[in-house]
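Here is the structure we will look at.
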Amino acid sequence: MRCLVTGATGYIGGRLVPELLAAGHRVRCLARSPDKLRDHPWAADTEIVRGDVTDADSVADALAGVDVAYYLVHALGTGDGFERTDREAAEIFGEQARRAGVRRIVYLGGLTPKGVPERELSPHLRSRAEVGHILLASGVPTTVLRAAVIIGSGSASFEMLRYLTERLPVMVTPSWVRTRIQPVAVRDVLRVLVGSATMPAEVSRAFDIGGPDVLTYQDMMVRYAAAARLPRRLVLTVPMLSPRLSSHWVGLVTPVPASIARPLCESLRHEVVCHEHDIADWVPDPPGTPIGFDEAVTLALRRVQEAQVATRWSSAAVPGAPSDPLPTDPDWAGGSLYTDERERLVDASPQRLWEVVEGIGGEHGWYSFPLAWAVRGGLDRLMGGVGLRRGRRDAAHLRAGDSLDFWRVEAIEPGRLLRLRAEMRLPGLAWLELSVEPVGAGRSRYRQRALFHPRGLAGQAYWWSVAPFHAVVFGGMARNIAATAERPRPGAGTA
């Protein structure tokens, strides 16, 4: 069958595509920025089209000739209007799927507590439930899969659990850590998503999906510590930490920013436990599944340790991040554009210099004034931004769309160019370009450009307030990248 996957740049969508291909389906991906999918190992085997679920025309084009449409997008953390955005996008998608003759819509939503009126749910869960209702009412047979906490390497829920447990041997926690939850392994989520494509037309309903364990969040932290071979954690609960305060606490301790952590925390106020396992009637459980919590954590940790994390929660762009293209030098007329440019000749091959450039960020840092970067990252976290803790998906290699601390890879030309777009909180748009070119006889030229397009008076003030530090920050970066490339690789022998 031909399957359309929306949200292919995200955590679940990026993992679903290769699973659908492995099952023998043809896959089309709808993405606002197709370049972000270019470097995925499966990109050449798919059709990638540009579009947005809020644009009816692009959705109609993407759905033409499609048998099964996967709806894996939501406006999590985009601000007060996210429920309206989710509602309008779902209405557009359902209507266009019906017009296109799509045979089935498959939607991954959130598990809702039984007996709690939807109006009393968190805005996040309420919106996910509403989207499910809209798609079920679209006239297209629809499978709505409702999951609670998804455990897998790189998921937001797993990263939140992982960092809270690893960094805090003694935790003062909100009362929601005693709420019962039924987590599910990401492998089981993907298995059920793929299997849902072949459901008969008369099946159109919601299904609860979960693993075999029902745990409190406190249980999950204790069992995570055991799986990770950490000393037993002491957990103390206090009643006064609201979801808002909890999200800021999570944002300071983990890589998950407060804007993402808040809806996750709010969703844990109510018990989220499966009340049926009817999905097994249509997508039978193979031997050994569903996967238990301990095994799911062990599998996720192994992926992290082996640097084999296919997608992360940060694979999707941060809500509200700028999307304008980089201004081109000759014809851009969008107002002020400030630049800081550096260039150095490097006594190293272009290949060696590129290794250093592509390895920037994460554990390697930014090659200049670590305290300044740490302070800037900390300020960004305090303002609700992503900070520096996102790190990298892979320690050595980057691809378009990857998050890189508080940057995102906007473009990469292996061996030649790396362009990063800022996703920290800024009064304007910012980019950082690093490029490499050969100059002969085993030498290379390193070029570095920082660009800033200010927004209003605040943007102008920001640029001129930080400009005096550029010689230290950007100048130091250029010098240290060059020096690192000129040194022998760690562990390399000498002649």
Side-chain angles (χ1 to χ4, degrees), residues 77-79 247-248 251-253 255-260 314 317-329 332-344 357 360-362 364-392 403-411 417-435 446-483:
T78 56
S247 67
H248 287 293
L252 289 173
V253 175
V256 182
S259 60
I260 302 296
S314 54
V318 170
S323 57
D324 295 344
L326 175 72
T328 56
D329 290 337
W332 188 69
S336 301
L337 182 66
Y338 297 117
T339 63
D340 181 280
E341 301 188 45
R342 312 277 166 170
E343 180 178 315
R344 295 187 74 86
V357 168
I360 200 167
H364 294 146
W366 293 88
Y367 292 97
S368 71
F369 203 180
L371 178 61
W373 287 94
V375 169
R376 185 64 185 87
L379 290 173
D380 196 54
R381 302 290 289 189
L382 289 173
M383 292 187 291
V386 295
L388 288 172
R389 291 181 181 157
R390 290 192 303 186
R392 300 170 52 108
S403 60
L404 181 58
D405 292 331
F406 49 35
W407 303 89
R408 186 169 298 276
V409 179
E410 183 173 86
L417 172 73
L418 174 63
R419 180 185 300 142
L420 307 176
R421 173 190 293 279
E423 288 190 338
M424 72 281 278
R425 297 298 178 95
L426 284 172
L429 308 177
W431 296 263
L432 180 61
E433 271 191 350
L434 316 177
S435 62
Y446 171 72
R447 286 196 173 100
Q448 176 182 295
R449 259 199 332 166
L451 302 98
F452 183 69
H453 170 41
R455 185 184 301 115
L457 184 60
Q460 299 281 348
Y462 174 83
W463 173 263
W464 292 113
S465 67
V466 299
F469 303 99
H470 286 176
V472 176
V473 175
F474 293 127
M477 178 187 291
R479 288 192 303 273
N480 293 328
I481 285 176

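Residue numbers run from 1 in the order of the sequence given.
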*Exercise: identify the closest heavy-atom pair between S368 and G476*: CB-C, 3.6 Å
_Tell me the closest heavy-atom pair linking A458 and P427, and the distance in Å._
O-CG, 3.7 Å
*Between R392 and I360, is there a donor-acceptor pair closer than 3.5 Å when you use the side chain of the first and the backbone of the second?*
yes
*First locate atom CZ of R376, then atom CZ of R425, and finally report the distance between them rounded to the nearest 0.5 Å.*
10.5 Å
*So F452 and Y462, would you call those rings parallel, tilted or perpendicular, with 30° and 60° as cut-offs?*
tilted
*Check step by step if side-chain contact (heavy atoms from CB on, under 4.5 Å) holds for L417 and L434.*
CA-CA 6 Å; L417 172 73; L434 316 177; over 6 Å; no
*Of R419, Q448, R421, R449, which meets side chain to side chain contact (heavy atoms under 4.5 Å, CB included) against L432?*
Q448
*What distance do L426 atom CG and W463 atom CH2 have between them, rounded to the nearest 0.5 Å?*
11.0 Å
*Yes or no on side-chain contact (heavy atoms from CB on, under 4.5 Å) for M477 and W373, after CA distance, side-chain angles and deciding distance?*
CA-CA 11 Å; M477 178 187 291; W373 287 94; 3.4 Å; yes
*Evaluate the criterion side-chain contact (heavy atoms from CB on, under 4.5 Å) for residue pair R479 and R344; output intermediate values, then yes/no.*
CA-CA 8 Å; R479 288 192 303 273; R344 295 187 74 86; 3.2 Å; yes
*In chain order, what residues pass the salt bridge (charged side-chain N to carboxylate O under 4.0 Å, His left out) check against R342, with sequence neighbours excluded?*
D340
*Look up atom CZ in R408 and atom CG in L420, then write down how far apart they are to the nearest 0.5 Å.*
11.0 Å
*asked:* As an exercise, state the distance from CD of E423 to CG of L404, rounded to the nearest 0.5 Å.
replied: 10.5 Å
*Just say parallel, tilted or perpendicular for the rings of W407 and W366, cut-offs at 30° and 60°.*
tilted
